[in-house]
Structure formats: structure tokens, C-alpha cells
Amino acid sequence: MPSKICLTLTRRSFLASAAAGTAATMLPAPRFSTAQASVPRTFHLTPAPGRNRITPTPAAETWVWSYNGRVPGPEIRIRQGERVRIAVENGLAEETTVHWHGVRVPNAMDGVPHLTQKPIAPGETFVYEFEATDAGTYWYHPHQRSFEQVGRGLYGPLIIEEPEPISVDRDVTWVLDDWRLQDDAQISSDFANRHDMSHNGRVGNTVTINGRTPETFAVRRGERIRLRLINAANARIFGLEFTGHEPTVIAYDGQPVHPHGLTGGRLILGPAMRADLIVDMMGKPGDRVTIVDSFYRGLAYRLVDLVYGREPLRESRLDAAITLPANPLPEPDTAKAQRHDVVFNGGMMGHMVMHELGGSMGENKPGGMMGGRGSTSGMMQMMHSGNIWFINGKAAEGHIMEPMLTLAKGQSHVIAMTNATAWHHPIHVHGHSFRVISRNGVPTRHREWQDTVLMAPREKVEIAFVADNPGDWMFHCHILEHQAGGMMGVIRVADQETRT
């Protein structure tokens with residue numbers, strides 16, 4: 001299949017010595033005792049402008065914003081139960097923060113400007129410190145003007161290893177991204193334009209793996225790879241097909257799931273989502289097979305080719321368990337849970353979807369679509385006021401706002417979400433992981449734990465979790481242009497006696 005889009009790959013191998021491209025230096029994750037767990041491991045990140053080679057020569061290097069001079073930023077790899085301290089020194093000419101996406105941190109460490117911390121001013125340093133409670137694949141990125149700061153390259157992987165990792169030949173991280181590059185290989189400056197914000201976000205024209213456009217990834221027959229995939233793109237949704245291979249999903253968004261194959265032969269990853277795969281390389285020596293991204297209809301392209309070496313590692317699959325141990329997440333009691341309804345509205349063609357769904361959703365009725373302001377004309381009036389996206393009829397204008405929901409701490413909650421728009425939305429909840437319990441009224445097969453769930457247009461999704469992490473938490477679409485256009489709110493987790 002011809003490649004319609006450029007792309008990047010840097011290999012990271014922690015269980016084999018061979019590494020290629022511009023992989024970050026491995027951060028050691030030594031075993032530790034309980035007594036040592038309270039002693040933080042210290043890291044330093046400096047977001048700053050610089051140049052990186054995204055596209056092959058003879059194209060010019062690209063001016064980017066990056067952590068420690070590399071895209072993605074250095075892989076922070078620690079062990080579950082360790083305490084980590086990360087000093088962030090701002091080398092940008094504007095304010096920034098760092099959000100530890102998917103990690104259940106204390107509220108003050110969540111990296112949301114003005115809501116949980118004062119933004120880090122140019123030249124200043126902020127120290128984040130938290131315990132690595134859950135093993136899994138996570139990542140870090142700014143929450144300050146993220147539509148541009150992430151879009152210019154500010155992100156990096158955060159890997160929290162299990163105390164006893166499963167047996168694989170290589171543990172590999174691929175951070176997927178796309179870039180909107182001009183002919184001179186420089187980033188287009190049209191961030192947060194109204195067209196992107198009202199449609200499907202800033203989809204780029206150059207796709208990368210670990211900050212580079214790759215051609216091949218070397219493997220050996222019989223090799224078992226734990227492939228950690230992170231979608232760091234502003235808006236691109238990936239739909240990956242592994243030609244001739246049968247990957248097994250072992251985790252979503254860092255949280256273990258019962259091992260299973262790809263639904264429909266394709267892995268769907270919305271922005272900010274992650275998946276851990278076990279891929280047994282059982283091709284023949286000398287084979288060359290293609291991983292294809294086919295999410296967007298008619299726009300399939302070759303992501304990268306797996307190229308088999310001439311010498312096999314083994315002739316049969318590795319005989320070792322792949323089920324990950326569960327993380328210490330409290331199990332929600334859906335029978336006794338408090339229920340909450342959330343409706344996402346707006347965007348281009350949103351009034352059409354509103355009209356289509358309004359009859360069954362209580363349009364123009366209290367508690368119905370948009371909280372009683374759900375008429376097509378009402379939404380159009382709000383969009384003419386400058387807002388584009390709405391949650392329960394309200395558009396965010398910055399990170400400080402009154403809570404849209406106040407949840408009783410320690411209790412189970414079900415949030416029934418309706419995507420009453422014409423576009424996909426990866427919905428992210430800060431500070432918590434949740435079970436995805438149903439889609440369009442049908443119970444999910446795996447009841448997977450996630451922190452970001454991709455909702456298709458017109459889809460209804462129910463999530464359930466125990467609100468055990470107190471504070472004010474962001475709740476938003478992770479298509480960063482949608483977030484900037486208003487699809488963001490605050491969920492407050494408070495003691496029962498202080499609930500509003």
C-alpha cells in the first residue's frame with residue numbers, strides 16, 4: 001500500500017541491547033524495598049524551543065518545543081510503589097504546566113493551570129511529587145494552551161513497571177503523533193483556527209513514531225514484544241492493522257484487561273489513549289509486513305514495515321503468561337451508584353444531530369438535552385456568541401469554572417454520556433480511572449478500565465468509578481481544539497457533608 005503520509009519511529013528496547021534512532025537514554029528502574037519507597041527518585045524536565053529531525057534528509061530540521069531537547073521527551077521509567085519528584089524548569093517564553101495523564105496523583109500535582117496550580121512562568125521551576133500507585137503506560141504533557149504546546153512537541157512517555165514484569169524479549173514504547181508541516185518542514189502556525197475547532201481538530205500531514213518518520217522496524221522470528229502505544233496527537237485517531245499478526249491487548253490506558261485479540265482486526269486509539277499489546281513475531285526470516293493505519297475512510301496509509309532478520313530467535317511462541325496483575329482500583333458498585341447525565345453538543349453540523357436526537361432526549365425539557373436549552377435555535381445562538389462546544393449546555397472559557405458535577409467522596413458513580421455531535425470525542429477524566437460499562441445500552445465485554453474513552457458520533461457510553469480522589473478535576477474532550485473550543489468542565493469530588 002502506498003504511503004500517503006510521512007511518519008516516525010524510534011525503537012526503545014529495555015530487554016535487548018539493540019536500539020536505533022534517537023531513543024532517550026534508559027532510566028533505570030532498580031528493585032527497591034518498602035523502606036526505600038518513600039525516598040523520591042528525581043528527574044528534571046526543561047520545556048524549551050529547539051530543533052529536531054522529524055522528516056528525513058534532505059529536508060530541514062524542524063523547529064519544535066520539546067522536553068530536554070528531544071521529541072518525545074525522555075521516557076521516565078519507574079517501578080510501581082516508588083515515589084517520584086520531577087522538577088520542571090520552564091525554558092519557554094510563555095507559561096506552562098505538566099499534566100501526568102492517567103496517573104492518579106494528588107489534586108495539587110495534576111498540572112491544570114489556575115485550577116490546581118499557578119502556571120509555571122518563563123524561567124521559573126515547579127516541582128511535582130507523587131507516588132506511582134498504578135503500574136502501566138502513561139504520558140505527560142502541558143495543560144496550558146495545550147492545543148499549541150502539545151502540537152509543537154511537548155509530550156513524553158511515563159512508564160510505571162509492575163514489581164514483577166511479565167516475560168517478553170523486548171519492552172518497546174511507540175509514541176504516535178502527527179504534525180502539520182509546511183513545505184520547508186516547519187510547523188504550520190495556524191493553531192486553534194475555527195475550522196479545526198468546529199470539525200475534527202488539528203489533523204496533521206506527517207505522522208511520526210517517537211518523533212521520527214520511520215520506514216522499518218527490525219524484528220526476529222519468535223520474538224515476543226510488549227508494545228506500549230501512546231497517542232499523543234492533538235486530534236488524529238489511529239486505527240492500526242497488524243498485517244499477518246495477531247496482537248493481544250493486555251492493557252488499556254495503563255490498566256490491565258483480560259487478554260484478548262483486536263476487535264475487527266484493528267486497534268482504535270483516540271487522542272491521549274494508550275494500549276499495551278503482546279505481539280509474537282511469527283513471520284518468516286526475511287519477511288517484510290506492513291502496519292497500516294486505516295481509521296479514516298479512504299485515507300489508509302503505511303505506518304511502518306516490520307522487517308524480519310535472517311536469524312530467528314526461536315521457532316515457536318514464547319511460553320510465558322501475559323496476564324497483568326490488577327492495580328489497586330476500588331470497584332464501583334453500579335447497583336448502588338449515583339447516576340449523572342452528561343450531553344456533549346456543538347460543532348459543525350451539531351444542530352442537525354441535536355434535531356435528530358432531540359425527540360428521544362427531552363429537547364427543551366428541564367434535564368433534557370443541554371439542560372433545557374437544547375433547541376436547535378438555542379444552540380445556534382450560543383455558537384454565534386463565539387462558543388463552539390458545550391457540555392450540558394455550557395462552554396468552558398478557561399480552566400476555572402463552577403463544578404458541573406459534585407460527587408460524594410467514597411461513593412460509586414455512573415456517568416451516562418451522550419455524544420450529540422457529528423464528531424468523535426475522546427473524553428478524559430482527571431484523577432480517576434473508570435470502567436466502561438456499556439455502549440448504546442449494550443454491556444461491554446471486558447468492562448475495561450480507562451481514563452479516556454472514545455465516543456463515536458451519536459453514541460451513548462456509561463462509565464462507572466468510585467470518586468475516591470478529592471478535589472476539583474478536569475473533565476474534557478482530548479481533541480485539544482475541542483477542549484479549547486469549550487468542551488471542558490470540572491468535576492468536584494467532595495466529602496458528603498460538603499456536597500452541593
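If you're wondering where the values come from, they're calculated on a predicted model, not measured in any experiment.
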Do [X] and [Y] have side chains that get closer than 4.5 Å, going by heavy atoms?
{"X": "T243", "Y": "I291", "answer": "no"}
{"X": "R236", "Y": "F295", "answer": "no"}
{"X": "D253", "Y": "W449", "answer": "no"}
{"X": "L45", "Y": "P74", "answer": "yes"}
{"X": "T334", "Y": "I437", "answer": "yes"}
{"X": "M109", "Y": "F126", "answer": "yes"}
{"X": "T133", "Y": "N327", "answer": "no"}
{"X": "I491", "Y": "I415", "answer": "yes"}

For the backbone of [Y] and the side chain of [X], can you confirm whether one donor and one acceptor N or O come within less than 3.5 Å of each other?
{"X": "Y155", "Y": "N231", "result": "no"}
{"X": "D110", "Y": "V112", "result": "no"}
{"X": "D293", "Y": "L240", "result": "no"}
{"X": "S412", "Y": "A337", "result": "no"}
{"X": "T97", "Y": "G111", "result": "yes"}
{"X": "W423", "Y": "M348", "result": "yes"}
{"X": "Q186", "Y": "W63", "result": "yes"}
{"X": "D451", "Y": "S433", "result": "no"}
{"X": "N52", "Y": "V71", "result": "yes"}
{"X": "T444", "Y": "H446", "result": "no"}

More than 12 heavy atoms of other groups within 6.0 Å of [X] [atom1]:
{"X": "E61", "atom1": "CD", "answer": "yes"}
{"X": "E397", "atom1": "CD", "answer": "no"}
{"X": "E402", "atom1": "CD", "answer": "no"}
{"X": "R458", "atom1": "CZ", "answer": "yes"}

Over all atoms of both residues, closest heavy-atom pair of T323 and P259: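 The answer is OG1-CG, 3.5 Å.
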Heavy-atom closest contact (R180 atom, V203 atom, distance):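 So the minimum-distance heavy-atom pair works out to NH2-O, 3.2 Å.
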Would you call the rings of [X] and [Y] parallel, tilted or perpendicular if under 30° counts as parallel and over 60° as perpendicular?
{"X": "W389", "Y": "H425", "value": "perpendicular"}
{"X": "F465", "Y": "H413", "value": "tilted"}
{"X": "H478", "Y": "H101", "value": "perpendicular"}
{"X": "H428", "Y": "H476", "value": "perpendicular"}
{"X": "W100", "Y": "Y140", "value": "tilted"}

When you check the gap from the basic side-chain N to the acidic O, do K118 and E95 get nearer than 4.0 Å?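 Salt bridge between K118 and E95, a charged N being under 4.0 Å from a carboxylate O: no.
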May I ask you to decide whether R202 forms a salt bridge with E148, counting only side-chain N to carboxylate O separations under 4.0 Å?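 Looking at R202 and E148, the cut-off is not met.
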Given side chain to side chain donor-acceptor pair (under 3.5 Å), test N234 with E481 step by step and report yes or no. CA-CA 7 Å; N234 276 35; E481 291 71 36; 2.8 Å; yes
Stepwise, does the side chain to side chain contact (heavy atoms under 4.5 Å, CB included) test hold for L92 with L154? CA-CA 11 Å; L92 301 172; L154 283 172; 3.9 Å; yes
Interatomic spacing from CG in N392 to CG in N345 - rounded to 0.5 Å: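 One finds 7.5 Å between CG of N392 and CG of N345.
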Suppose we screen for ring pair (Phe, Tyr, Trp, His ring centres under 6.0 Å). Which residues come up paired with F191, at least two apart in sequence or across chains?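 Per chain and number, F191 pairs via ring pair (Phe, Tyr, Trp, His ring centres under 6.0 Å) with no residue.
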Sorted by first residue and then second, give each side-chain hydrogen bond (donor to acceptor under 3.5 Å, both in side chains) pair with at least one member in residues 464-473; sequence neighbours left out.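 Matches after skipping sequence neighbours: D472-R492.
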Pair E462, R439 - check salt bridge (Lys or Arg N to Asp or Glu O under 4.0 Å), show working. CA-CA 7 Å; E462 288 187 323; R439 289 183 178 271; over 6 Å; no
Checking T137 against D276 for the side chain to side chain donor-acceptor pair (under 3.5 Å) test, could you report, in this order, the C-alpha distance in whole Å, the side-chain angles of both residues, the deciding distance, and whether it holds? CA-CA 7 Å; T137 301; D276 286 32; 2.8 Å; yes
Any side-chain donor paired with an acceptor under 3.5 Å for [X] and [Y]?
{"X": "Q144", "Y": "T96", "answer": "no"}
{"X": "R53", "Y": "T62", "answer": "no"}
{"X": "N200", "Y": "H424", "answer": "no"}
{"X": "D196", "Y": "N193", "answer": "yes"}
{"X": "T290", "Y": "D305", "answer": "yes"}
{"X": "H143", "Y": "H430", "answer": "yes"}

Please report the C-alpha distance between Q255 and E448 in whole Å, then the side-chain angles of each, then the deciding distance to 0.1 Å, and finally whether the side chain to side chain donor-acceptor pair (under 3.5 Å) criterion is met. CA-CA 8 Å; Q255 301 299 336; E448 54 270 20; over 6 Å; no
Assess the residue pair E75 and L158 against the criterion (side chain to side chain contact (heavy atoms under 4.5 Å, CB included)); give the C-alpha distance rounded to whole Å, side-chain angles, the decisive distance to 0.1 Å, and a yes or no. CA-CA 6 Å; E75 180 171 279; L158 170 59; over 6 Å; no
Run the ring-ring contact (aromatic ring centres under 6.0 Å, His included) check on Y252 and H260 step by step: do they pass? CA-CA 11 Å; Y252 290 116; H260 62 275; 5.7 Å; yes
Side chain to side chain contact (heavy atoms under 4.5 Å, CB included) evaluation trace for M197 with H482: CA-CA 6 Å; M197 291 175 74; H482 292 178; 5.8 Å; no
Carefully, step by step, assess I427 and M417 under the rule side chain to side chain contact (heavy atoms under 4.5 Å, CB included). CA-CA 10 Å; I427 302 301; M417 304 185 297; 4.0 Å; yes
